[in-house]
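Let me begin by presenting the structure, written as structure tokens, before commenting on it.
FYI, side chains are in, hydrogens and waters are out, and symmetry mates aren't considered; it's all heavy atoms of this structure. Nothing fancy with the numbering, it's 1 onward along the sequence.
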Amino acid sequence: MTDPVYRRVVIKLSGEYLAGQQGFGIDQPTMDRVADDLIAARQLGCEVAVVIGGGNIFRGVEVSSRGVSRTTGDTMGMLATMMNCLALEATIERKGAPARALSAFVMPEISELFTRTAAHKYLAEGRILLLGGGTGNPFFTTDTTAVLRAAEIGAQVVLKATNVDGVYSADPKQDPSATRFDRLTHSQAIEGGYKVMDATAFALARETSLPIIVFSIAEPGSIGAVLRGVGHGTIVAG
């Protein structure tokens, strides 16, 4: 088996993907497959941390448009990410692999607080890290969280697992003529306004010199393929 190109990675996984075909909540077969892919990635010899969105349960931006303050809505959304982390932690451990959920919030009865020291300790133990609670602050997306955590723990790359196989000039589901990019710079991604990741995340990745690989998680084994350098995706770097 090919050795992995990257030894420490942060994977950004959308909450919406965990809902499967049901569109809301957690689809357990989808959760099982994601857990299998993460365990396989760890078995390649990679240290794996995962940042999960909460859109399958709650989206702060949407509820704030209906009267709840943005700050409160975002806080509720960050709590939703913790629900996803706990569910994925339980799924991974049920399959016999070690995992640990860490939270940006102080909630000792539920999860240990994220610190760089704790993250390094659990990665060294071979655990799959599940990083919930966003940045702990409103107005920041989990895309930005993934880049921030990657910079904090010294990851070599951010893997953006999504429902398309890279960055396109437009939504390929709505525009059949959309062009797919094999490679972009961070600045090109920001200036192009491509919606696959928010501009703040791209800007922070540029500042910290972190590459981002955007790929589709729809196929089993796609995470491992990207880690071995044979996956299909768009590299945003430089």
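Counted by atom type alone, Thr72 and Ser69 present one or more donor-acceptor pairs between their side chains at under 3.5 Å. Checking Gln28 against Thr91 by side-chain atom types alone, a donor-acceptor pair falls below 3.5 Å. For Arg183 and Thr234, the side-chain atoms include no donor-acceptor pair closer than 3.5 Å. No side-chain N or O of Asp143 forms a donor-acceptor pair with one of Thr141 less than 3.5 Å apart.
Cluster annotation: Leu184 is connected to Val196 through the hydrophobic network of ILVMFWY side chains, with a link wherever side-chain heavy atoms come within less than 4.5 Å. Taking hydrophobic clusters as Ile, Leu, Val, Met, Phe, Trp and Tyr residues chained together by side-chain heavy-atom distances below 4.5 Å, Val5 shares a cluster with Ile213. Follow the hydrophobic side-chain contacts under 4.5 Å out from Ile26 and you reach Tyr17 in the same cluster. Residues Tyr168 and Val214 do not share a hydrophobic cluster, defined by chaining ILVMFWY side chains whose heavy atoms lie under 4.5 Å apart. Under a hydrophobic-cluster definition in which Ile, Leu, Val, Met, Phe, Trp and Tyr are linked whenever side-chain heavy atoms come within less than 4.5 Å, directly or via other members, Ile57 and Met78 are assigned to different clusters.
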Could you walk me through whether Ile235 and Asp182 pass the side chain to side chain contact (heavy atoms under 4.5 Å, CB included) check?
CA-CA 6 Å; Ile235 299 173; Asp182 288 325; over 6 Å; no

May I have the step-by-step check of side chain to side chain contact (heavy atoms under 4.5 Å, CB included) for Leu148 and Glu152, ending in yes or no?
CA-CA 6 Å; Leu148 173 64; Glu152 287 180 302; 3.8 Å; yes

Can you check side chain to side chain donor-acceptor pair (under 3.5 Å) on Thr144 and Asp198, steps first, answer last?
CA-CA 7 Å; Thr144 300; Asp198 69 81; 3.2 Å; yes

Evaluate side chain to side chain contact (heavy atoms under 4.5 Å, CB included) for Leu88 paired with Leu38, printing each intermediate quantity in order.
CA-CA 10 Å; Leu88 187 51; Leu38 293 172; 3.8 Å; yes

Apply side chain to side chain contact (heavy atoms under 4.5 Å, CB included) to residues Leu102 and Leu129 and explain how you reach the verdict.
CA-CA 7 Å; Leu102 299 178; Leu129 279 188; 4.0 Å; yes

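In plain terms, the two heavy atoms of Ile11 and Val48 that are nearest each other are CD1-CG1, 3.8 Å. Heavy-atom minimum distance, Gly133 versus Thr81: N-OG1, 2.8 Å. The two residues Leu227 and Cys46 come nearest to each other via the heavy atoms CD1-SG, 3.8 Å. Taking both residues in full, the closest heavy atoms of Ser111 and Met82 are given as CB-CE, 3.7 Å, listed atom of the first, atom of the second, then distance. Nearest heavy atom pair, residue Ala170 against residue Asp175, reads CB-OD2, 3.8 Å. When every heavy atom of Pro172 is checked against every heavy atom of Val164, the shortest pair comes out as CG-CG1, 4.0 Å.
Arg94 CZ to Met31 CE: the interatomic distance, rounded to the nearest 0.5 Å, is 9.5 Å. We find the CZ-CZ distance between Phe58 and Phe24 to be 10.0 Å, quoted to the nearest 0.5 Å. Taking CG of Leu130 as the start and CZ of Phe114 as the end, the distance is 13.0 Å to the nearest 0.5 Å. Separation of atoms CD1 (Ile217) and CG (Leu159) is listed at 10.0 Å; rounding is to 0.5 Å. In this structure, CD1 on Ile52 lies 13.0 Å from CE on Met83, to the nearest 0.5 angstrom. Separation of atoms NZ (Lys95) and CD1 (Ile39) is listed at 6.0 Å; rounding is to 0.5 Å.
Within 6.0 Å of atom CD in Glu207, 12 or fewer heavy atoms from other residues, nucleotides or ligands are found, so the atom counts as exposed in its surroundings. With a 6.0 Å radius and a threshold of 12 heavy atoms from other residues, nucleotides or ligands, Gln22 has its CD atom above the threshold. Residue-environment remark: NZ (Lys195) stays at or below the threshold of 12 foreign heavy atoms within 6.0 Å. In this structure, Phe140 places its CZ atom where only 12 or fewer heavy-atom neighbours from other residues, nucleotides or ligands lie under 6.0 Å away.
A salt bridge is absent between Arg228 and Asp3: the closest approach of a Lys/Arg side-chain nitrogen to an acidic carboxylate oxygen does not fall below 4.0 angstrom. Between Arg7 and Glu47, no side-chain nitrogen of the basic residue sits less than 4.0 Å from a carboxylate oxygen of the acidic one, so the salt-bridge criterion is not met.
Checking side-chain atoms of Arg8 against main-chain N and O of Ala155 turns up no donor-acceptor pair under 3.5 Å. With hydrogens and angles disregarded, no donor-acceptor distance shorter than 3.5 Å links the side chain of His186 to the backbone of Leu204. Between the Asn84 side chain and the Gly53 main chain, a donor and an acceptor come within less than 3.5 Å of each other. Panel note: side chain Asp165, backbone Ser216; no donor-acceptor pair is recorded below 3.5 Å.
By the 4.5 Å heavy-atom criterion applied to side chains, Val10 and Ile153 are counted as neighbours. Looking at Gln188 and Phe181, their side chains never come closer than 4.5 Å, going by heavy atoms from C-beta outward. Two residues are said to be in side-chain contact when any heavy atoms from C-beta on lie closer than 4.5 Å; His232 and Arg180 meet this criterion.
For the side-chain contact (heavy atoms from CB on, under 4.5 Å) criterion with Ile212, the lone passing option out of Met197, Arg206, Lys12 is Met197.
Aromatic ring centres of Phe202 and Tyr194: separated by at least 6.0 Å.
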